Every structure is written in C-alpha cells, then in structure tokens.
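Read the structure below first, then the notes.
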Amino acid sequence: MKNYIIRVISEQANVIGLACVTTGLVDESCRLHGAYPTACAALGRALTGGALMAALLKLGQRLALKLEGNGPLRKIIVEADYAGNVRGFVGVPEVDLPPKNGKFDVAGAVGTEGVLTVIKDTGRKELYNGVVRIRTGEIAEDIAHYFAESEQIPTAVALGVYMEPSLDITAAGGFLVQSLPPSDENMIDRLIGNIGKLPPYTQMLFSGQAPEDILEAIFSGIPYATLERHELFYRCTCSRERIERVLVSLGREELADMVDKQGKADVTCEFCRKSYHLSGRELLALLDSMQD
C-alpha cells in the first residue's frame, strides 16, 4: 500500500477528518537513522502526526513539529508540507525501552515533561509559533492537547506503528478529526462514540482496511464528502547550496577559523544522513563571496 492521506469533511457536523497510511516512509526513516525499536515507534508516530497536521494547511505552506521532553530521546523534530513531503529525526536513535502494557513505551522515551512546539510557515512575513507543555509523552495525545490549548480546536488524534521482530515496519498510520465552530453536539457525540469503538489503528490496517474505510467507520451515520487524496513521501530538502548557506550564516570569523583549524568542512544532514564535504578551497571561495 502506498503512503497516502485522505481528507474528508462533514458540512452537516462541521467536522474535518483525515486518515493516512505511512508504513513505507516510517520504515525508510527508521532505516536511515538506524533507530532502535522504541525510538522508531516514537519517530514514526511523530512523522505521521506531522503529515496529518500539514494536510490541514494550504498549498505551499509547511510546518515543523518539535517535541523536547525529559526522556532519553531528548527531542524529535519533524518537518512536513501540504504537498505530502515529510522528514524527521530523533535526538538519540539508539533508545529502546522495555515494553509497557505490551506496547512500545513511547511516553517513557519522550518523557512527560517538556514542550511541544509547532512552527507554521504560511507565507506571511512572520512564522506562526505555538508552544504547549508535553502532558503525557504519548504523541497523539500531546498533538490533540496542542490543538485544544494553542488553537482552541477540539481534536481527536490516533497514531500507530507496528514493528515485526525482524525490525521491519509493516503498518503505520493515523487519523485526525477536528470539530469546527459552530458544532452540532449530537453529531459530536456520535463521532466520539464511533471513535471509541475503533480498534488500534495498525490493527485496522492489518485487517485490510484502508484510510477510506477507517474514515467511513469514524463518520458512520454522518454524511461527509471526500475533499482530496494525495501521496506522502519521505523527502529531504537538503542540498549542497543549502549547506553552503548555513556555513555562510556562521559569519566570516567562524568560517575563517574553520579554514585555519580544519581546512575543510564535513556536514551531515540530520534528516536524511547525507554527507557533504567542502574542501579548504571551497571554504575560501565562500569567504570571498562574503566580501563587502
């Protein structure tokens, strides 16, 4: 099954629903980073959450989702855009904790204290920046808390990652449902009841259900229409030109010090692990380009 997301709306209930499958991109990301099982589960949930949140934006817009908790992962950073491009990394990919209640202990890895930050680039001069406290370390619950606290939008979120003993990711995805004002309380109660009856998201994927089927179950008894469906990709935006701009942003003094002490620069992208090598001659050319 391809990685994709589908978005629907119920005008009668004034509710938006999204569901996605991210199995392939989560597996690719965990392999790139050499993530251990618990770290992989946390990263996969965050990547899926970022994809769902970005699908609420408009074409050309993007966001960054950052969790900085007191757990051993230290941090998770995900970037995603409306077009379906997602990338991310964890601070310490070697984290693997014993299971808790038969599931990955993602909350223990993330931590229950810290902050969740959402930065949105909507094309305006200033970026939107929303910050809330991490409540549980369960990433889906913390994203729902962010929407309620920072944007005052009641939101239900479910995220799941299933890993085989072989460490292959064989199911990953999630859904996000938002109630917009004015809301119909009877419809909201029905939605809550429908969501409460659902089995775990990865279990639904394993049973052969697609995101469309899952949304149909969520909106059972509630009229809705499909708005769009598009693919998701694990895609990094790094390039040699971007790396050069980062080095230039360090300033003349620091760049000159790098030339004197190291005679080169080796930079690895945190998102895709691609390495870039710049020779001393190339660093000098960057310095020359910074001349007034």
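Note that the structure is a prediction, hence the values are computed from the model and not measured.
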Worksheet item: Just wondering, are more than 12 heavy atoms of other shown residues or ligands nearer than 6.0 Å to CD in E253?
Response: no

Worksheet item: To the nearest 0.5 Å, how far apart are CD in E244 and CG in L283?
Response: 9.0 Å

Worksheet item: Is a donor on one side and an acceptor on the other found under 3.5 Å between the side chain of Q61 and the backbone of K58?
Response: yes

Worksheet item: So, the side chain of D96 versus the backbone of T38: is there a donor-acceptor pair under 3.5 Å, distance only?
Response: yes

Practice prompt. Mark yes when over 12 heavy atoms from residues, nucleotides or ligands other than E216 sit less than 6.0 Å from its CD; otherwise mark no.
Written response: no

Practice prompt. Answer yes or no: are there more than 12 heavy-atom neighbours, outside E228 itself, under 6.0 Å from its atom CD?
Written response: yes

Worksheet item: Just checking, R62 and Y82: is the charged tip under 6.0 Å from the six-membered ring centre and within 45° of the axis?
Response: no

Fill in: Short N-O contact, E231 and K2, less than 4.0 angstrom
yes

Discussion item. Quick check: is L247 connected to L287 through a chain of hydrophobic side chains (ILVMFWY, heavy atoms under 4.5 Å apart)?
Written reply: yes

Practice prompt. For salt bridge (charged side-chain N to carboxylate O under 4.0 Å, His left out), just list the numbers for K120 and E151, CA-CA rounded to whole Å, side-chain angles, deciding distance to a tenth of an Å, and then say yes or no.
Written response: CA-CA 12 Å; K120 296 181 183 179; E151 300 190 16; 2.7 Å; yes

Worksheet entry | Short side-chain to backbone donor-acceptor contact, N85 and R235, under 3.5 Å | no

Fill in: Residue pair V177 / T155, side-chain heavy-atom distance below 4.5 Å
no

Worksheet item: Between the main-chain N or O of G44 and the side-chain N or O of T48, is there a donor-acceptor pair closer than 3.5 Å?
Response: yes

Worksheet item: Short question: side chain of N14, backbone of E11 - any donor-acceptor pair under 3.5 Å?
Response: no

Worksheet entry | Euclidean distance, L52 CG relative to L159 CG, rounded to 0.5 Å | 6.5 Å

Item to complete: Evaluate the ring planes of H33 and F89, with Trp represented by its six-membered ring, and classify them as parallel (under 30°), tilted (30 to 60°) or perpendicular (over 60°).
Response: tilted

Practice prompt. Validate the cation-pi geometry between R240 and Y276: distance from NZ or CZ to the six-membered ring centre under 6.0 Å, angle to the ring axis within 45°.
Written response: no

Worksheet entry | H230 and R7, any side-chain heavy atoms less than 4.5 Å apart | no

Worksheet item: Mind checking whether T23 and V26 have side chains closer than 4.5 Å, heavy atoms only?
Response: no

Discussion item. Using side-chain heavy atoms (C-beta onward) and a distance below 4.5 Å, is V132 in contact with H145?
Written reply: yes

Discussion item. Can a donor-acceptor pair be found, under 3.5 Å and without considering hydrogens, that links the side chain of N3 to the backbone of G24?
Written reply: yes

Discussion item. Which label fits Y146 and Y128: parallel for a plane angle under 30°, tilted from 30 to 60°, or perpendicular past 60°?
Written reply: perpendicular

Worksheet item: Would you call V15 and L180 a side-chain contact if the rule is heavy atoms closer than 4.5 Å?
Response: no

Discussion item. I'd like to know if the side chain of D266 reaches the main chain of S275, judged simply by a donor and an acceptor atom lying under 3.5 Å from each other, with no hydrogens or angles considered.
Written reply: no

Discussion item. Between R273 and T268 (side chain of the first, backbone of the second, donor and acceptor by atom type, cut-off under 3.5 Å), is there such a pair?
Written reply: no

Worksheet item: Under the salt bridge (charged side-chain N to carboxylate O under 4.0 Å, His left out) criterion, do E138 and R45 qualify, and how do the steps go?
Response: CA-CA 9 Å; E138 296 287 350; R45 291 186 192 180; 2.9 Å; yes

Discussion item. One pair to check against side chain to side chain donor-acceptor pair (under 3.5 Å): S166 and D168. What are the steps and the verdict?
Written reply: CA-CA 5 Å; S166 63; D168 293 320; 2.9 Å; yes

Fill in: Evaluation steps, disulfide (SG to SG under 2.5 Å), between C30 and C40
CA-CA 6 Å; C30 290; C40 183; 2.1 Å; yes

Worksheet item: Hey, is the main chain of T237 close enough, under 3.5 Å, to the side chain of R242 for a donor-acceptor pair?
Response: yes

Discussion item. Taking ring pair (Phe, Tyr, Trp, His ring centres under 6.0 Å) as the definition, give me every residue that meets it alongside F219, ordered by chain and number, with sequence neighbours left out.
Written reply: Y224

Worksheet entry | Flag, side chain of N101 to backbone of K103, donor-acceptor distance under 3.5 Å | no

